[in-house]
Amino acid sequence: MNTSVNQCLRASALVLLFGLSACGGGGSQSGSSTPDPIAQLPGTLVDPVNYSSSANAALSSAVETSANTSHSITLNGTTIPYTAKAGHLTAKATGTGQDQASFFYVAYTADNVPAASRPITFFYNGGPGSASVWLHLGSYGPKRLVTGMPSTSLARPFALIDNAESLLDTSDLVFVDAVGSGLSQAIAPFTNRSFWSVDADAAVFRDFVQCYLTVNARQASPKYLFGESYGGPRTAVLAALLESAGVQLTGLVLQAPVLNYNSNCGLIGQATVSCGGYLPSYAATGQYHRLSRPSVSDLSAHLAQVRDFSAQRYTPAVQALFAGGVLPVELPQLLSDMTGLALSHWRSNFNMQASLFRNQLIPGSLIGRYDARVSAPVGSALASEGDPSSTLISASFSSAISAYLRDTLRYRNASTYVLSSNAIEIWDFRHAGKNLPDTVPDLGAALVLNPQLRVLALNGYHDLATPFYQTELDLARLNLPARVLLRNYAGGHMTYLDDAARVVSKTDLQAFYRGTLKGTQVNIQGEMASVLAAPPSFTEIGINSVPSTEALQTPLRDPWIPPALRPLVPPPPPSEGQVLRREIEARTRDLRQRVGGK
């Protein structure tokens with residue numbers, strides 16, 4: 001057992017002695033200066049600490065405790081009693097045991113179920129700099145906001161209701177906020193920005209997961225990671241780090257991941273790689289807005305044809321243009337028919353980036369980046385922040401998480417819960433010798449270290465941030481169709497906000513969990529697509545919070561790269577075959593050497 005685990009165990013014993021649920025040196029609670037009857041209820045926590053998302057902020061020390069409340073939810077006719085814990089846990093450096101960061105988390109644990117047989121799933125969003133609120137109150141937790149996506153007509157703020165598609169009937173759930181988001185903060189001598197890089201972020205998440213498992217005696221539980229958007233590359237790196245540290249994972253779920261920044265033309269800025277990964281999403285968007293010609297009844301079959309067109313005709317034409325070639329005269333008209341975007345735009349901007357497509361598809365309107373089915377007139381309030389599908393939901397999520405923590409989970413704190421910090425502006429994207437991360441080799445290393453590990457990627461046809469076809473192309477490099485599975489749905493980046501997609505994805509997730517727990521290839525709804533190149537089947541589907549002066553709320557941009565970091569020359573081509581195999585071997589060798597392996 002390594003030093004950090006021993007320290008976590010000793011610390012947890014002290015915590016239990018003082019009646020706290022934590023890992024590390026506990027502390028006392030301060031009562032509210034104003035009498036509050038809720039604060040006197042058993043399990044309520046009044047946390048007096050002022051948390052900051054500022055880059056240079058640091059806590060002098062951390063108090064580890066949580067609000068503990070009892071609840072129940074009925075799923076498919078079965079009532080599940082569960083305990084909710086909302087509070088902080090200290091991540092300690094592997095090897096030295098030094099306090100690094102105080103992570104804010106909310107955990108939901110089914111009562112009276114043996115831990116060894118009960119899966120546990122760690123959820124986190126990305127950004128970088130995003131809190132886990134989107135997954136927490138939108139996807140598979142016990143509560144969800146009714147957004148009505150892609151409709152813009154529902155009254156706001158959205159209602160918070162019991163979630164009929166919660167995964168609590170399948171797994172215990174832990175929603176955790178990255179350092180500098182939510183209410184998570186670094187501990188001196190570290191500052192928040194100490195963990196604002198690809199590698200430091202994944203390493204401190206590893207230490208949080210290890211400590212959570214130790215303190216809560218969950219080492220024997222089947223373990224899953226669930227990361228969204230930038231949470232995808234975090235998952236790839238984190239999984240490799242955990243596996244090399246001896247923490248065996250059972251499954252990884254990637255929600256709209258961006259695994260290779262170098263292959264996504266929308267992130268690089270001035271397109272220096274083909275935007276062919278976006279073309280099927282443009283076609284799906286044109287079909288939704290009834291602008292494509294002809295209209296199709298079977299979108300799945302249509303998008304299979306668009307994939308082929310992108311691979312066989314569009315991307316080769318883009319690459320020929322990069323090399324000084326001439327544009328085939330027939331392609332712009334074919335693309336205009338396929339996507340609904342005016343012919344003039346395809347003639348002048350053949351390697352079409354999502355930003356131009358979003359601004360020009362519907363004259364006078366802006367369509368969403370996260371969900372291209374959402375549109376708003378230019379100059380309207382919904383379009384004012386640059387993405388109507390994000391503006392539509394952000395205020396409701398912000399108000400809901402504050403009220404939910406305070407009134408339902410009875411965690412009370414006067415700091416601003418930061419949905420999205422400015423970490424993305426100063427993030428260090430360098431990883432494994434590249435200026436921008438390619439984490440497909442990290443994912444490959446995790447799969448090498450654990451031959452039983454399986455991956456499920458969930459994507460939306462109408463996502464113009466991390467297009468589904470680009471995810472397919474990135475994952476196809478691994479050539480592991482039996483272990484890396486994909487499902488696509490009608491919907492955007494957050495497919496779970498779509499009522500039809502959420503129902504189907506819950507079924508797919510349960511099948512994935514069943515399959516991985518049996519150690520066999522998952523079989524979803526009778527027959528999961530077993531080859532990555534084949535398209536998956538389409539489915540139609542108290543106290544008031546006082547903002548801290550140091551809290552930084554920024555617009556949700558996930559994934560994103562600051563303009564100053566975007567390359568002006570084409571990145572190297574994606575690794576394939578022997579080249580990728582050598583990269584995976586190098587990552588695996590490095591991970592083993594870090595822990596003294598051979």
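Worth saying up front: this structure is predicted, and the values here are computed from it rather than measured.
- At distances below 3.5 Å, not a single donor-acceptor pair connects side-chain atoms of Ser181 with backbone N or O atoms of Ser420.
- Closest approach of Asp474 to Ser263, counting heavy atoms only: OD1-OG, 3.0 Å.
- Between the NE2 atom in His289 and the OG atom in Ser375 there is a gap of 5.5 Å [rounded to 0.5 Å].
- Of the possible polar contacts, none joining the Ser336 side chain to the Gln333 backbone as a donor-acceptor pair under 3.5 Å is found.
- Within the 3.5 Å criterion, the main-chain N or O of Tyr496 finds a donor-acceptor partner in the side chain of Arg502.
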Worksheet item: Does the side chain to side chain donor-acceptor pair (under 3.5 Å) test come out yes or no for Thr495 and Asn459, once each step is laid out?
Response: CA-CA 7 Å; Thr495 52; Asn459 293 270; over 6 Å; no

Discussion item. The test is side-chain contact (heavy atoms from CB on, under 4.5 Å); show your working for Asp201 and Trp196 and say whether it passes.
Written reply: CA-CA 6 Å; Asp201 167 81; Trp196 288 357; over 6 Å; no

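- The residues Arg313 and Glu330 are annotated as salt-bridged, a charged nitrogen and a carboxylate oxygen being separated by less than 4.0 angstrom.
- Residues Tyr489 and Tyr461 have side chains not in contact (no heavy-atom distance under 4.5 Å, counting atoms from C-beta outward).
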Worksheet item: Passes side chain to side chain donor-acceptor pair (under 3.5 Å), Tyr224 versus Thr516? Steps please.
Response: CA-CA 10 Å; Tyr224 294 79; Thr516 53; 2.6 Å; yes

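- In summary, the side chains of Tyr140 and Ser505 do present a donor paired with an acceptor at a separation below 3.5 Å, with no hydrogens or angles considered.
- A salt bridge links Arg373 and Asp498; the closest N-O separation between the charged side-chain nitrogens and carboxylate oxygens is under 4.0 Å.
- A 4.5 Å side-chain heavy-atom check between Phe175 and Phe122 finds every atom pair outside the cut-off.
- Screening Gln353, Met352, Gln470 for a side chain to side chain contact (heavy atoms under 4.5 Å, CB included) with Cys275, the sole residue that qualifies is Gln353.
- Classified by interplanar angle (parallel below 30°, tilted 30° to 60°, perpendicular above 60°), the ring pair Phe205/Phe103 is perpendicular.
- Residues Thr466 and Pro559 meet the side-chain proximity criterion, which asks for heavy atoms closer than 4.5 Å.
- Annotation: the span from Thr285 atom OG1 to Leu361 atom CG amounts to 7.5 Å, rounded to 0.5 Å.
- Checked by atom type, the side-chain pair Thr94/Asp207 shows a donor-acceptor distance below 3.5 Å.
- Leu456 contributes atom CG, which lies 8.0 Å from atom CG of Leu254 (distance to the nearest 0.5 angstrom).
- Between Val440 and Leu478, the closest side-chain pair of non-hydrogen atoms falls below 4.5 Å.
- The closest donor-acceptor contact from the side chain of Asn125 to the backbone of Gly231 lies at 3.5 Å or more, if one exists at all.
- The shortest non-hydrogen separation linking Leu331 to Ala317 is CD1-CB, 3.7 Å.
- A donor atom on one side chain and an acceptor atom on the other are found under 3.5 Å apart for Asp558 and Ser229.
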Discussion item. Arg557 vs Glu425, test: salt bridge (charged side-chain N to carboxylate O under 4.0 Å, His left out). Steps then yes/no.
Written reply: CA-CA 10 Å; Arg557 291 175 294 185; Glu425 301 283 355; 2.6 Å; yes

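- A donor-acceptor pair under 3.5 Å links the side-chain atoms of Arg483 to the main chain of Pro451, judged by distance alone.
- For the pair Gln287 (side chain) and Pro294 (backbone), a donor-acceptor distance under 3.5 Å is present.
- Taking every heavy atom of both residues into account, Arg307 and Asn488 meet most closely at NH2-ND2, 3.5 Å.
- One finds the OH atom of Tyr314 at 10.5 Å from the CE atom of Met338 (value rounded to the nearest 0.5 Å).
- Not less than 6.0 angstrom separates the ring centroid of Tyr278 from the ring centroid of Tyr469.
- Using a 4.0 Å cut-off between a side-chain N of Lys or Arg and a carboxylate O of Asp or Glu, Glu583 and Lys434 qualify as a salt bridge.
- Salt bridge Arg477/Asp438: present, at least one basic N to carboxylate O contact under 4.0 Å.
- Under a 3.5 Å cut-off, the side chain of Ser398 and the backbone N or O of Ser394 do not form any donor-acceptor pair.
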Practice prompt. Just do the side chain to side chain donor-acceptor pair (under 3.5 Å) check on Ser197 and Asp428 with the steps written out, would you?
Written response: CA-CA 4 Å; Ser197 67; Asp428 185 351; 5.3 Å; no

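- For the 3.5 Å distance criterion, the side chains of Gln185 and Asn192 fail to qualify, holding no donor opposite an acceptor.
- Contact of the Ile561 side chain with the Trp427 side chain is not registered, since no non-hydrogen atoms from C-beta on lie closer than 4.5 Å.
- Residue His493 is tested with Tyr230, Tyr370, Phe468 for a ring pair (Phe, Tyr, Trp, His ring centres under 6.0 Å); the sole match is Tyr370.
- Ser194 contributes no side-chain N or O that, together with a main-chain N or O of Phe190, makes up a donor-acceptor pair within less than 3.5 Å.
- For the residue pair Gln553 / Tyr417, no side-chain donor-acceptor distance below 3.5 Å is found, with atom types taken as modelled.
- Rounding to the nearest 0.5 Å places CZ of Phe429 at 8.5 Å from CH2 of Trp560.
- Arg358 is listed as a side-chain neighbour of Asp387, based on a closest heavy-atom distance under 4.5 Å.
- Judged purely by atom type and a 3.5 angstrom limit, Ser380 has no side-chain atom pairing as donor or acceptor with the backbone of Ala376.
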Fill in: Residue pair Leu443, Leu252: steps toward the side-chain contact (heavy atoms from CB on, under 4.5 Å) verdict
CA-CA 10 Å; Leu443 186 59; Leu252 310 177; 3.6 Å; yes

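- Note that CG of Leu335 is 6.0 Å distant from CG of Leu279, once rounded to the nearest 0.5 Å.
- Under the 4.5 Å side-chain criterion, counting only non-hydrogen atoms from C-beta, Thr152 is in contact with Val374.
- Note on ring orientation: taking the six-membered ring where Trp is involved, the planes of Trp134 and Phe397 are tilted (angle from 30° to 60°).
- The local environment of CG in Asp199 is crowded, with over 12 non-hydrogen atoms from other residues, nucleotides or ligands closer than 6.0 Å.
- In Arg293, the CZ atom is crowded: over 12 heavy atoms of neighbouring residues, nucleotides or ligands sit closer than 6.0 Å.
- Scanning both residues, Gly182 and Ala131, for their nearest heavy atoms gives N-CB, 3.6 Å.
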Practice prompt. Start with the C-alpha gap between Ser274 and Thr315, add the side-chain angles, then the distance that decides, and say whether side chain to side chain donor-acceptor pair (under 3.5 Å) holds.
Written response: CA-CA 6 Å; Ser274 170; Thr315 289; 2.9 Å; yes

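- Residues Ser132 and Phe123 fail the side-chain proximity criterion, which asks for heavy atoms closer than 4.5 Å.
- Annotation for Ala284 and Leu303: closest pair N-CD2, 4.0 Å, computed over non-hydrogen atoms.
- A cation-pi arrangement is absent between Arg454 and Phe512 under the rule of less than 6.0 angstrom and at most 45 degrees off the ring axis.
- Minimum heavy-atom separation, Tyr261 to Pro128: OH-CD, 4.4 Å.
- Under the 3.5 Å distance criterion, the side-chain polar atoms of Thr339 are left unmatched by any main-chain donor or acceptor of Ala283.
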